[in-house]
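Computed from a predicted structure; not experimentally measured. The sequence lines fix the lettering, A, B, ..., with proteins before strands; numbering per chain opens at 1.
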Protein chains: 2
Amino acid sequence: MKTRDRILQTSLQLFNQSGERAISTNHIAAELAISPGNLYYHFRNKADIVYELFLAYQQQVDYYLAAPGSQPLVLADLAWYLEAVFDGLWQYRFFHRDLESLLDADPRLRAGYGDFTGRCLSAINGIFNQLASGGIITPRSEPLRSAMALNVWLVITNWMAYLKTAHATEEPAVLSLAELKQGIYQVLTLELPHVTPEYREPVLALRETYRPGTFCQAAHQSK
Amino acid sequence: MKTRDRILQTSLQLFNQSGERAISTNHIAAELAISPGNLYYHFRNKADIVYELFLAYQQQVDYYLAAPGSQPLVLADLAWYLEAVFDGLWQYRFFHRDLESLLDADPRLRAGYGDFTGRCLSAINGIFNQLASGGIITPRSEPLRSAMALNVWLVITNWMAYLKTAHATEEPAVLSLAELKQGIYQVLTLELPHVTPEYREPVLALRETYRPGTFCQAAHQSK
DNA sequence: GACTCACTAGAGTATATACTCTAATAATGA
DNA sequence: TCATTATTAGAGTATATACTCTAGTGAGTC
């Protein structure tokens, strides 16, 4: 593996573990057993590493959240979307911790992240739309759908911080992918009132899969 | 005003402005035109300042979110609660930015914040309960009410980060209390499906008050 | 064999950070 | 009055951080 890629990989791992704030370029170099000079040969500065990680994050989420087109969605699709988003969130989980400082340090990142959020929101909106076509949720007016999509986004992106700050007993807080995915329970709680009567039972059953305390993560695959 | 209080006040102001990460004890001392030694005479370390600010934050929110007792609530009460919570959030807005690092730096804060969140969640839960008594929202089972309360909390505590990261055009992002309170629009969107038919119109009207883009903030006072 | 060039080591720099120490001054109370 | 205590200034320390600079090394090419 090329040094440049190893730097990205190790940075991501250390950032996820301890937060970007706590990890210096010297830490990264030390972990890789390379010299700081070597690291700075491959990256102009720390912000460039973060930015490149953002691009990878963005690419992954964009790919999985690709517009569902115009075909109606079935329930398994909903589960699949949720799993995919939480997977992405998990892999780049350092990112949503003090995002504000990251954006303050890099205007490219600020602009890129603004666009990224916009695409995510309209993707969620589109998914709502196609879930309505599939008869799973009742159709809503556009402004309401947008506000709902934003709420979903707010719950998704804040769920991890909640777990690591309000719930954690350990010091520092550690987290597993399974715990993170309990956030899906919260998202489905959010959508529940909008589910059509005939789909209420199946959605409740799906939701139950992610109930906090339940540590069986069934594989929800489709598509 | 006593130096100790001036340190707290200025720290809060600078933290809110630029984030705790970017503000050193030397910055605080410089802003106050006192010596670093003087600052450290009043506070053992930076974490102690943060902790004391947390105690004030906690006290304020606890006060305003005090259990609504057992009397039913009217719509104005709901508006009042939302305004109060967002006011508290605004006044100590540095806090929910990289909260994780703050908790990592101080075990007292971690423990205190865990309890605090618990109290907030059960307060929200209780408010739901009394809104149901007041005929404003339809009664729900306890587990559903808890999950709803958590979603409300997640939206509230993440709304500011959303504004400052996804929406901001300036660099660094600045924010006004009025913009922040547009988060109430999101919270009411969340509660809308649970509102009883007879209260749907009034709640929609209240919600409209906070619609993003609308910059008139009517004073919602009661109690 | 000389030359190039991507890559690497490692010492070093300027600056910032959290925090300490000593000595001086102001307030207080007997 | 005078001693005690609270408060302050200001220089200083140890450490960390992001980043730079120079001097290579080794694999390939003509």
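Residue pairs meeting the salt bridge (charged side-chain N to carboxylate O under 4.0 Å, His left out) criterion with at least one partner in residues 11-24 of chain A, sequence neighbours excluded, are A/E20-A/K46, A/E20-B/R21, A/R21-B/E20, A/R21-B/D98. For residues 145-155 of chain A, the pairs satisfying salt bridge (charged side-chain N to carboxylate O under 4.0 Å, His left out) are A/E142-A/R145, with sequence neighbours left out. Among residues at least two apart or in separate chains, side chain to side chain donor-acceptor pair (under 3.5 Å) pairs with a member in residues 149-165 of chain A are A/N151-B/Q186, A/T157-B/N158, A/N158-B/T157, A/K164-B/E100. Within the structure, salt bridge (charged side-chain N to carboxylate O under 4.0 Å, His left out) contacts touching residues 3-17 of chain A (residues at least two apart or in different chains) are A/R4-A/E52.
Residues forming a salt bridge (charged side-chain N to carboxylate O under 4.0 Å, His left out) with B/D48 (at least two apart in sequence, or on another chain): B/R44, B/R108. In this structure, B/S122 has no side-chain contact (heavy atoms from CB on, under 4.5 Å) partners at least two apart in sequence or on a different chain. Shown here are the salt bridge (charged side-chain N to carboxylate O under 4.0 Å, His left out) partners of B/D104, two or more places apart in sequence or in another chain: A/R97, B/R110.
Whole-Å rounding puts the B/L32 CG to D/dT7 C1' distance at 15 Å. Whole-Å rounding puts the A/Y41 OH to D/dT25 C1' distance at 13 Å. Rounded to an integer number of Å, the gap from A/D5 CG to C/dC7 C1' is 14 Å.
Proximity of B/H42 to the phosphate of D/dT8: a side-chain N or O atom is located under 4.0 Å from OP1 or OP2. Side-chain N/O atoms of A/K2 include none lying less than 4.0 angstrom from OP1 or OP2 on C/dA6. Of the side-chain N and O atoms in B/S35, none sit less than 4.0 angstrom from OP1 or OP2 of D/dG10.
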Q: Produce a footprint string for nucleotides 17-23 of chain C: one letter per nucleotide, 5' end first; B if the base is under 4.0 Å from any protein heavy atom, S if only the sugar-phosphate is, - if neither.
A: SSBBB--
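Residue contacts shown for A/L39 are absent, as no nucleic acid heavy atom lies under 4.0 Å away.
With hydrogens and angles ignored, the 3.5 Å screen pairs no side-chain donor or acceptor of A/S18 with any backbone N or O of A/F15.
Residues from residues 92-103 of chain A that place a heavy atom under 4.0 Å from any atom of DNA chain D: there are none.
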